[in-house]
Amino acid sequence: MTETKPKIDIDVLASLAKRRGFIFQSSEIYGGLGSTWDYGPLGVELKRNVKELWWRHFVLGRDDMVGLDSAVLMHPKVWEASGHVSSFSDPLVECKNCHHRFREDHLDGEVCPDCGGELMEARQFNLMFKTFLGPVEETASEAYLRPETAQGIFVNFENVMTTTRRKPPFGIAQVGKAFRNEVTPRNFTFRSREFEQMEMEFFVHPDEERQWFDYWLDARHAWYASLGINPERLRRREHAGDELAHYASYTTDVEYKFPFGWAELEGVANRGNFDLTQHGEHSGKDQAYFDPARNEKYVPSVIETSAGLDRTLLTVLADAYDVDEVGGDERTVLRLAPHLAPTQVAVFPLSKKLAEPARKLTDDLRGQFHAVYDDSGSIGKRYRREDEVGTPFCVTFDFESLDDNAVTVRDRDTTEQERIGLDQLAEYLGGRIGR
Ligand code: GAP
């Protein structure tokens, strides 16, 4: 077996993702809806695995973090207070000739990249999707689809703190959909109009901002490596003053080297007391905290870690994609970390005559692993199918298995095979798959 790490093309990845049921374009039979995506049977499992790992690690695994699931629709005043109505916009330019529109900060030259025409002056374009509550479409009933999950956390700060008897330093985490009317969505799911975020807002004393910022940046960077992502394709990049969001005093992105270049995977930001102060002022409900130990009243500072779930999935897929050679034939393989793989074990009967015991074995394994059964085509073809979707282990039940109560386990990455007793199989797989 020789390894040749290919230069991955994002379109090749998109086509694999579609062909194997990871990601489909939304409403495809109607020609598709721009930059919205549906997760197929394998994509939804991969997504669930990433989400659950994040939740287990950062919420259930900690004493200083609690979870939340707030509504997508929020009071319109939230977005005035948060600054999104006035500041959450991109500079938009239009070509005078072909009327195509572009984000000014994504343009390389001074002319239209599509036709070379002259460009109009830039104007600000707000990225929030507007909708109406109730049957009357009037200004008084306007509402927005949230462009970040964070605000649901800030407006529940007091509710959560009092009901859980927490005090700073502590955090609130949530996973949920966010919506942005992106001007130039592109690169498969990288910039979508509907996507999921995994956000944590960590409330601290103002004197402790920097130490918690450094702590969370390290923790979040390390988490990506724990997903099996090549650490050499991860880096940090601090925001320059002119690219900081309106709420942040400093921000560092964790970036990944995507097929189209280095780009943001997650932002870790010091939001200071901007959001709580704004909500205190706009709602008339003071968001300050009285700390009896310090005998001091203060508005906590917030260290935010904001990750994109869809972007993490794109990263996991791009990083896992590989082409090598097995037995003189080229094969495409997704080298997904075994604990993330949508299918962890595939069970094959060598012959359809062995269907019954092989199905029973699959059912036994299902309790503990994501297991599938496959009896169609040659064993070689079945291996290729599973390699392409990243299944780390294939188990073949052959005629000998009836006598020796053992099966052949084949490793996706090395393609090596081992004979394992049926009574040892679950423990063996559990040890290799890990968590
Ligand atoms: N609450 C802070 C916040 O939303 P952001 O940098 O705008 O900060 C955080 O977004 C993360 O959300 C990004 O790092 C990215 O992973 C994800 N994200 C943002 N916009 C996205 C989009 N249009 N499509 C997919 N993911 C997106």
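Atoms within a ligand are numbered from 1 in the order they appear, just like the ligands themselves.
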Whether F157 and F170 hold their rings parallel, tilted or perpendicular, with breakpoints at 30° and 60°: parallel

Geometric class of the F202/W212 ring pair [parallel <30°, tilted 30-60°, perpendicular >60°]: tilted

R384 and its side chain to side chain contact (heavy atoms under 4.5 Å, CB included) partner, picked from T332, V333, V326: V326

F274 and Y247 aromatic ring geometry - parallel, tilted or perpendicular at 30°/60° bounds: tilted

Just the distances, no angles: every ligand 1 N or O to protein N or O pair closer than 3.5 Å, one line each.
residue, atom, partner, partner atom, Å
ligand 1, 1 (N), E148, OE1, 2.6
ligand 1, 1 (N), E199, OE2, 2.6
ligand 1, 1 (N), R271, NH1, 3.4
ligand 1, 1 (N), E304, OE1, 3.3
ligand 1, 1 (N), E304, OE2, 3.0
ligand 1, 4 (O), R180, NH2, 2.8
ligand 1, 4 (O), Q197, NE2, 3.0
ligand 1, 6 (O), E264, OE2, 2.9
ligand 1, 7 (O), R180, NH1, 2.7
ligand 1, 7 (O), R180, NH2, 3.0
ligand 1, 12 (O), Q197, NE2, 3.3
ligand 1, 14 (O), E264, OE2, 2.6
ligand 1, 14 (O), L265, O, 3.4
ligand 1, 16 (O), L265, O, 2.9
ligand 1, 16 (O), G308, N, 3.0
ligand 1, 20 (N), R180, NH1, 3.3
ligand 1, 23 (N), E182, OE2, 2.8
ligand 1, 23 (N), S192, N, 3.4
ligand 1, 23 (N), S192, O, 2.8
ligand 1, 24 (N), F190, O, 3.4
ligand 1, 24 (N), S192, N, 2.9

Pair T252-E238, side-chain donor/acceptor within less than 3.5 Å: no

F203 and Y289: CA distance, side-chain angles, deciding distance, ring-ring contact (aromatic ring centres under 6.0 Å, His included) verdict: CA-CA 10 Å; F203 302 90; Y289 163 72; over 10 Å; no

